[in-house]
Amino acid sequence: MVKSIIWFRNDLRVSDNAVINYCIENKRKVLPIYIYDPFTSLGSASKWWLKQSLISLDKSLKGSLALFEGEPNKVLLDLVNNHGIKEILWNARYLKDDINQDNDIKNIVKNHDVNCITFHSCLLKNPQNTLKKDATPFKVYTPFYKQQYQDMTYELFNYNTEEIDFIDCKYNEQISKILDSTIKTEKWHQKLLSEWTPGEAGAQKKLKVFLSDGLNGYSEGRNRPDKQHTSMLSAHIRFGEISIREIAKSVEKIKTEDAEVFYKELVWREFSYHLLYHFPHLVDTNLQKKFDNFKWLDNQDHLKSWQKGMTGYPIIDAGMRQLYETGYMHNRVRMIVGSFLVKNLLIHWKYGQEWFWDTLVDADIASNSASWQWVAGTGADAAPYFRIFNPVTQSKKFDPDGDYIRKYVPELKNIPNKYIHLPSELDDKSLIEYGVKLGSDYPYPIVDLSITRERALSAFKKLSKSTS
DNA sequence: CCTGGAGTTGTCCTA
DNA sequence: TTAGGACAACTCCAG
């Protein structure tokens, strides 16, 4: 009987997983493993999530998940030598460094008569296959969507997980103990526990709640941070705790605008991976070269105020505090804070990308990079340079009653709706009536919106005239 | 190769 | 109050 390693990476689930399907169909004896490589960059919030998720996966695998710390090639080679492994199975990753690592491993173990097989369960489609007719990659979302993803139907794997045949060897008596010593988490992670349930069961529950309560009215409601119309699935998807096909399938028969808009959001994730795969420098270099000469400002005070949610613009501060407290931020607000950092503060998008990477539980290398480049205008299909969000206008439009602001910026809770979007409009006397003293209870705006807007317009305008 | 239409998410000013 | 145009010009994409 062939002995195989299932190497879990970004697919921490047993349901609808091509690797598991292969093992059952081909009657493999399997050793499921996870390798924690301390040298790979993982954000702080992601580490917390990963830890919880692995505990959950271990349960789904009846306590058979073996956890290792170290360089994957060494760990795998040891296992191959000690257990007579003939196959290593995994779902593909799409970051250049990861692809290289996988290829290296493939070559190393080949000398030991071990075969590596790559599956694609992390995306709806393998980005290798999503090219235009002329075989070059799409750079615009709409044609990408129309040609590649519209009117698709998805099939799920159908197997009984009871049939997984584990190799009988215990590596970790208690995975949670080992995790405590390998993946260091920080104090502030404690509060994440009350917000999230990482793992397959938690993911399934979120999907169910979304389909029954969130989807109806999604196309409008998704823009409202004060409402509950988003799926909250992003982190579960990031770690592969739920199959992206399963999510797509759950809405494919619903012929409403809401369902299509939601499905399009899934395809935006595909588009980000498509870009990452075909333009690996997406993570650290402007996709549009002409931005390499752009003079960003280096203002550490502004950056810190932004990170802490102390900019004096309530919608920005609510978003940034939601992020820090919960590891998540509503999508509309991500755009508003992103535009503010890049356009009003003129701070390089990489600082936003880094902060999000560290604090978001759903931090995803493709989506995070592509989206920051999008909002900065340096990316594919990017926002025109003159599209600068006004945080006050956006706040009035999408959080009209200030419910979202009051939740995360409680010092403003007594300010009436009319002024909550910009308290500095009020005079000191009225503010004191509402229990706020600007400058001590809540900051004055750190920059003037119209001045910084004009500044950004002229800086970006100069650039658009220069040759790329 | 040429051509024409289109391109996630906005804001502000003017009439 | 509201609707329309300016904000630029470019690149992408399909035929």
Side-chain angles (χ1 to χ4, degrees), chain A residues 130-150 217-225 227 229-230 234 257-272 274-275 278-279 286-291 294 313 315-316 319 329-344 349 352 366-368 370-399 421-422 447-468:
Chain A
T130 55
L131 294 169
K132 285 182 293 174
K133 283 173 192 145
D134 66 1
T136 62
F138 287 91
K139 288 182 171 173
V140 180
Y141 174 78
T142 303
F144 174 79
Y145 171 75
K146 284 190 175 150
Q147 275 189 42
Q148 296 286 339
Y149 289 88
Q150 209 169 32
Y218 176 81
S219 94
E220 295 294 324
R222 78 199 175 101
N223 281 314
R224 294 287 297 270
K227 295 188 174 178
H229 275 285
T230 54
S234 51
E257 197 203 342
D258 288 330
E260 194 189 1
V261 170
F262 176 70
Y263 174 60
K264 275 185 167 168
E265 294 300 316
L266 303 184
V267 178
W268 268 97
R269 172 173 174 273
E270 301 280 312
F271 188 53
S272 299
H274 167 88
L275 294 173
H278 295 287
F279 308 99
N286 298 312
L287 216 51
Q288 295 181 44
K289 284 281 163 285
K290 69 180 178 194
F291 285 91
F294 192 80
Y313 291 104
I315 192 76
I316 307 271
M329 195 193 310
H330 186 277
N331 174 253
R332 164 62 51 176
V333 188
R334 292 188 198 199
M335 289 190 280
I336 304 171
V337 303
S339 173
F340 186 76
L341 182 77
V342 166
K343 307 254 165 118
N344 292 101
W349 56 266
S367 301
N368 196 37
S371 301
W372 272 102
Q373 293 228 36
W374 179 85
V375 80
T378 65
D381 216 357
Y385 78 90
F386 52 81
R387 182 173 295 146
I388 298 169
F389 289 71
N390 181 321
V392 178
T393 310
Q394 289 279 316
S395 185
K396 287 176 180 162
K397 198 166 166 189
F398 297 115
D399 185 27
H421 309 284
L422 188 60
V447 291
D448 178 277
L449 288 181
S450 74
I451 292 173
T452 50
R453 179 174 186 272
E454 288 307 317
R455 179 176 69 178
L457 281 173
S458 72
F460 279 90
K461 189 173 184 172
K462 232 185 275 170
L463 198 70
S464 71
K465 286 204 172 114
S466 72
T467 49
S468 63

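Note on naming: letters A, B, ... go to the chains in the order of the sequence lines (proteins, then strands), and numbering restarts at 1 for each one.
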Starting from [atom2] on [N], measure out to [atom1] on [X] and report it in whole angstrom.
| X | N | atom1 | atom2 | value |
| --- | --- | --- | --- | --- |
| A:F144 | C:dC12 | CZ | C1' | 15 Å |
| A:L457 | B:dC12 | CG | P | 10 Å |
| A:K289 | C:dC10 | NZ | C1' | 17 Å |
| A:K139 | C:dT11 | NZ | P | 10 Å |
| A:L449 | B:dC12 | CG | C1' | 13 Å |
| A:Y145 | C:dC12 | OH | C1' | 20 Å |
| A:F138 | C:dC12 | CZ | P | 13 Å |
| A:F460 | C:dC10 | CZ | C1' | 16 Å |

I'd like to compare against my own output: the B/S/- annotation of nucleotides 2-7 of chain C with a strict under-4.0 Å heavy-atom distance to protein.
-----B
Hey, do the aromatic rings of A:F144 and A:Y149 have their centres closer than 6.0 Å?
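Ring centres of A:Y149 and A:F144 closer than 6.0 Å.
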For DNA chain C, please output the secondary structure as dot-bracket, reading 5' to 3'. Pairs are Watson-Crick or G-U wobble, both atom distances under 3.5 Å; mark crossing pairs with [ ], other-strand partners with |, unpaired with a dot.
.||||||..||||||
Heavy-atom side-chain proximity of [X] to [Y] below 4.5 angstrom:
| X | Y | answer |
| --- | --- | --- |
| A:Q148 | A:F138 | yes |
| A:L287 | A:W374 | no |
| A:E270 | A:Y145 | no |
| A:W372 | A:V342 | yes |
| A:H278 | A:L131 | yes |
| A:F389 | A:R332 | yes |

Any idea how A:F294 and A:F291 line up, ring-wise: parallel (<30°), tilted (30 to 60°), or perpendicular (>60°)?
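If you compare the ring of A:F294 with that of A:F291, the planes turn out tilted.
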A:W268 and A:Y141 aromatic ring geometry - parallel, tilted or perpendicular at 30°/60° bounds:
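Taking A:W268 first and then A:Y141, their aromatic rings lie parallel (interplane angle under 30°).
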Rounded to whole angstrom, note down the [atom1] distance from [N] over to [M].
| N | M | atom1 | result |
| --- | --- | --- | --- |
| B:dT11 | C:dC10 | P | 26 Å |
| B:dG4 | C:dA9 | C1' | 16 Å |
| B:dC1 | C:dC12 | P | 16 Å |

Counting the atoms with a prime plus P, OP1 and OP2 as sugar-phosphate, which does A:E454 contact under 4.0 Å by heavy atoms, base, sugar-phosphate, or nothing?
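Touches nothing.
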Could you tell me whether A:K264 contacts a base, only the sugar-phosphate backbone, or nothing, with contacts defined as non-hydrogen atoms closer than 4.0 Å?
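Counting heavy atoms under 4.0 Å across all strands, no contact is made by A:K264.
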Using a cut-off of under 3.5 Å, enumerate the N/O to N/O pairs linking the protein to nucleotides 3-7 of chain B.
{"from": "B:dG7", "atom 1": "O3'", "to": "A:D381", "atom 2": "OD1", "distance (Å)": "3.2"}

Does [N] have its OP1 or OP2 closer than 4.0 Å to a side-chain nitrogen or oxygen of [X]?
| X | N | result |
| --- | --- | --- |
| A:N390 | B:dC12 | yes |
| A:Q394 | B:dT11 | yes |
| A:R387 | B:dT9 | yes |

Could you tell me whether A:E220 atom CD has more than 12 heavy atoms of other residues or ligands within 6.0 Å of it?
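No, not enclosed.
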Will you find, in the side chains of A:T378 and A:Q288, an N or O donor that is under 3.5 Å from an N or O acceptor?
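A:Q288 and A:T378 do not have a side-chain donor-acceptor pair below 3.5 Å.
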Between A:K343 and A:S339: side-chain donor-acceptor atoms closer than 3.5 Å
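Short answer, no.
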